[in-house]
Amino acid sequence: MKIDAATELLGVVGHPVSHSLSPAFWNEALRQEGRNAVFLAFDVAPDSFQAFTGGMSVAGARGVNVTVPHKKAAFAASTRRSEHAERIGAVNVLVFEPGEIVGHNTDVDGLLNALDDLDVRPSGMRILVVGAGGAGHAAVWALAVAGADVLVANRTRSKAEELAEAAGSTVVDWDGLDDAAREADVLVNTTSVGLDGRGSVLDRPALERAAAGRLRVVFDAVYGASETPLVLAARHAGIQAQDGLGMLVHQAAAAWELFFDAAAPFDVMQAAASRAAGRGARSV
Ligand code: ATR
């Protein structure tokens, strides 16, 4: 690709950000679509975040994806926000417009579209969200807004209580995860357990008991080079299961639409993300 004076700047900002798949798959998709833009990773410490957004805005960057730990700071840095961002209190996409920094939350569409791929329409379903960190917040809000009956469990109970109270959902005891999974239609893991390819919030026997109850779908927001232990154990128990790569691509596709005001090349992005994750292009 030729970089010239008209090349647009996009990126992802996090701390750390070196593990991010986004630059690899975004740049491949941009190249394939013939867009004159580059997508870079910016490792920015929390105390420099405000200076970063100001600098990017002045430099005329088109927009950035925002990841851990900056989603709340990105909310504060936004001069205008989408309804989803406002409701969740977190921003994962910033679009730089003349004199404005517009904050969006495409994690909502990312999760709902990834669940839709699994034929999960949340309205009226009982959905157990495990984790109450940044990803847990987005999931609980997204599912509550979509009309699900949301249960939330977190190792540190106080965080689950705070989130459940704000979002009108129900807290489940961490020790009661096993029972709650049996009574839920869908389980969404948003904790970092399994990120390193080890550990699972529910073990195989617990998933087998849940499968004998109501549980039909497990969605793990975590993704890695291979399927997570939770996804593998759920499938073994006969539960339909998918990891977070699909959500990553859906949220990126929503960001593409915000950056370019044009339909996103979803299939191109999905294939590029699969390759960037070190998987076969058709494994997602
Ligand atoms: P993110 O923005 O990716 O959600 P985070 O805000 O740091 O990251 O949240 C991490 C989540 O994973 C939290 O729900 C955390 O539980 P605590 O609130 O109790 O810390 C959860 N988590 C991390 N390691 C865990 C573990 N070993 N067992 C259970 N939960 C864990």
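One-based numbering, in listed order, for ligands and for the atoms of each. Just so you know, these numbers use all the heavy atoms, side chains as well, and skip hydrogens, waters and symmetry mates. Computed from a prediction, not measured in an experiment: that's the story for all the values here.
Heavy-atom proximity to Val193, at under 4.0 Å, picks out these atoms of ligand 1: 25 (C), 26 (C), 27 (N), 28 (N), 29 (C), 31 (C). The Ala135 neighbourhood of ligand 1 comprises atoms 1 (P), 2 (O), 4 (O), with distances under 4.0 Å to a heavy atom of that residue. Set against the non-hydrogen atoms of Gly134, the atoms of ligand 1 under 4.0 Å away are 1 (P), 2 (O), 4 (O), 6 (O). Close approach to Trp174 involves these atoms of ligand 1, each under 4.0 Å from a residue heavy atom: 29 (C).
No more than 12 heavy atoms of other residues, nucleotides or ligands lie within 6.0 Å of CD in Glu162, so this atom counts as exposed by the packing criterion. Sparse packing is recorded around CD of Gln50, with 12 or fewer heavy atoms of other residues, nucleotides or ligands lying under 6.0 Å away.
Residue Thr191 touches ligand 1 through backbone and side chain together, judged by heavy-atom distances below 4.0 Å. When non-hydrogen atoms are compared, ligand 1 lies under 4.0 Å from the backbone of Ala132 (N, CA, C, O) but not from its side chain. Residue contacts with ligand 1, taken as heavy atom pairs separated by less than 4.0 Å, involve Arg155 via backbone and side-chain atoms alike.
No option in Lys71, His137, His84 other than Lys71 meets the side-chain hydrogen bond (donor to acceptor under 3.5 Å, both in side chains) test with Asp107.
The single protein non-hydrogen atom nearest to atom 9 (O) of ligand 1 is Gly133 CA, 3.5 Å, given as residue, atom name and distance. Nearest protein heavy-atom contact of atom 23 (C) of ligand 1 is Ser192 OG, 3.2 Å. Protein heavy atom closest to atom 19 (O) of ligand 1, with residue, atom name and distance, is Thr156 OG1, 2.5 Å. The closest protein non-hydrogen atom to atom 3 (O) of ligand 1 is Val68 CG2, 4.0 Å. The closest protein non-hydrogen atom to atom 13 (C) of ligand 1 is Asn154 OD1, 3.8 Å.
With contacts defined as side-chain heavy-atom distances shorter than 4.5 Å, the pair Ile101/Val95 does not qualify. A 4.5 Å side-chain heavy-atom check between Glu227 and Arg235 finds at least one atom pair inside the cut-off. Counting heavy atoms from C-beta on, the side chains of Leu30 and Phe260 come closer than 4.5 Å.
Between Trp26 and Phe259, the gap from one ring centroid to the other is short of 6.0 Å.
Less than 4.0 angstrom separates atom 7 (O) of ligand 1 from none of the non-hydrogen atoms of the protein.
An N or O contact shorter than 3.5 Å is missing between Gly131 and ligand 1 by distance.
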His250 vs Phe266, ring pair (Phe, Tyr, Trp, His ring centres under 6.0 Å): CA-CA, chis, key distance, verdict: CA-CA 8 Å; His250 277 296; Phe266 184 80; 4.5 Å; yes
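Rounding to the nearest 0.5 angstrom, the gap separating the CG atom in Asp119 from the CZ atom in Arg216 is 14.5 Å.
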